[in-house]
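Keep in mind it's a predicted model, so treat the numbers as computed, not measured. Atoms within a ligand are numbered from 1 in the order they appear, just like the ligands themselves.
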Amino acid sequence: MDTDEIKNLPVHVAIIMDGNGRWARQRNLPRVEGHLVGMESVRDVVTTTRKLNIPYLTLYAFSKENWTRPKEEVKRLLEILEIYLERELPLMMENGIRLNILGDIRDFPKRIQRKLQETMEKTKRNKDMWLNIALSYSARKEILQAAKTLAEDYRRGSIKRINERVFERYLWTSGMPDPDLLIRTSGEMRISNFLLWQIAYTELYVTEILWPDFRKEAYMEALKEYSRRDRRFGRVKEA
Ligand code: FPP
C-alpha cells in the first residue's frame with residue numbers, strides 16, 4: 001500500500017459513520033440499504049487500518065439515542081449487526097483483530113448479547129489491532145458509570161487518590177491511547193455524545209462523503225490530512 005506521502009500515521013482512529021440514510025434517500029432506496037452498503041465501508045476501513053498497522057480503530061455504530069428510531073429500522077440494524085459479526089469473524093481471526101464493545105450490551109436482546117460476548121471471547125488473543133465498536137453508546141453514560149464505580153472503590157479504600165490517570169481506568173477504553181484522529185462523514189459538525197473524555201486533544205476531520213461511499217481512497221485522504229496537522233497539545237510551537 002502506498003503510504004509514502006503519510007509521514008506520521010495515527011495510533012488510534014475513531015469514526016462517526018454518518019449518512020447511511022441520506023445515501024439511500026438519494027437513490028430512492030429504503031434506509032436499510034444504506035446501512036447494508038455501509039457495512040461494506042466498515043470492511044474496507046477495517047482492512048485498510050490493519051494493512052497500515054494502525055493498532056486502534058473505534059467505530060460509532062449505534063448510539064444510546066438510536067433506540068428511539070422507528071422500530072423497523074432498529075430491528076434491521078440489529079440484524080445487520082448479527083450478519084456483520086457472523087461474516088467478519090474469519091477476517092478478524094486471519095488479521096489478528098480483537099473485537100471490543102464500548103457501550104452497554106445489556107441493552108441488546110439476549111441472542112445478540114451472546115453473539116457479541118462470543119466474538120469478543122474468540123478474538124481475545126488477537127494482538128495486531130483493536131476494533132472497538134460503540135453500541136448503545138453514550139459518552140455521558142460512560143463517564144457517569146466510571147465516576148460511580150470510582151466513587152465506590154474510593155469509599156472502600158481500594159484506590160487512594162483520584163486523578164486523570166486513575167479515572168481513565170474506569171472508562172470503557174481503559175488501557176487504550178486516546179484517539180489521535182476523529183473522522184465524521186456526511187458533513188455534520190457535531191460530536192454526538194461520542195468519546196467526550198477521550199477526544200480532548202484529538203484532531204477532527206469532517207468530510208461531506210456519506211458513509212456508504214467512504215472507502216479506502218477517502219480514508220487515505222483523511223490520514224494524509226492528519227499527517228499534515230501540527231499537533232501541539234496546548235503547547236506553543238518550538239522555534
Ligand atoms: C448513521 O447513518 C449510521 C448508523 C446509525 C448505523 C451505522 C451502521 C453501519 C455503518 C452498518 C453496520 C456496521 C457495523 C459495525 C455492524 P444515519 O442512518 O444516521 O444516516 P442519516 O443521517 O443520513 O439519516
Atoms in ligand 1 flagged as close to [X], the criterion being non-hydrogen separation under 4.0 Å:
X	value
Asn66	5 (C)
Trp211	10 (C)
Ile80	12 (C)
Arg22	21 (P), 22 (O), 23 (O)
Arg31	17 (P), 18 (O), 24 (O)
Gly21	17 (P), 18 (O), 20 (O), 21 (P), 23 (O), 24 (O)
Tyr84	16 (C)

- [ ] Could you tell me whether a side-chain N or O of Arg50 sits under 3.5 Å from a main-chain N or O of Asn95, the two making a donor and an acceptor?
- [x] yes

- [ ] State if Leu59 counts as touching ligand 1 under the rule of any non-hydrogen atom under 4.0 Å.
- [x] no

Protein contact to [atom] [nearest heavy atom, distance to 0.1 Å]:
atom	answer
atom 15 (C) of ligand 1	Ile133 CD1, 3.9 Å
atom 13 (C) of ligand 1	Val42 CG2, 3.8 Å
atom 7 (C) of ligand 1	Ala61 O, 3.4 Å
atom 11 (C) of ligand 1	His35 O, 3.4 Å
atom 3 (C) of ligand 1	Met17 O, 3.2 Å
atom 19 (O) of ligand 1	Arg69 NH2, 2.8 Å
atom 8 (C) of ligand 1	Asn20 ND2, 3.8 Å

TODO: Work out which heavy atom in Gly38 is nearest to a heavy atom in Asn20; give both atom names and the distance.
DONE: CA-OD1, 4.3 Å

Task: Smallest separation among heavy atoms of His12 and Leu57, with atom names - done: CD2-N, 4.4 Å

Open item on the list: Hydrogens and angles aside, do Ser136 and Asp104 bring a side-chain donor and acceptor to less than 3.5 Å of each other?
Closed with: no

Open item on the list: Would you say Thr49 and Tyr219 are linked by a side-chain donor-acceptor pair, where the criterion is simply a distance under 3.5 Å?
Closed with: yes

Task: Glu225 with Arg228: basic N within carboxylate O range, under 4.0 Å - done: yes

Task: Salt bridge present between Glu152 and Lys148 (N-O < 4.0 angstrom) - done: no

- [ ] With the side chain counted from C-beta on, respond yes when Gln198 and Trp172 share a heavy-atom pair under 4.5 Å apart, and no when they do not.
- [x] no

TODO: May I ask you to decide if the ring planes of Phe62 and Phe108 are parallel, tilted or perpendicular, using 30° and 60° as cut-offs?
DONE: tilted

Task: Distance (rounded to the nearest 0.5 Å) between Arg43 CZ and Glu88 CD - done: 4.0 Å

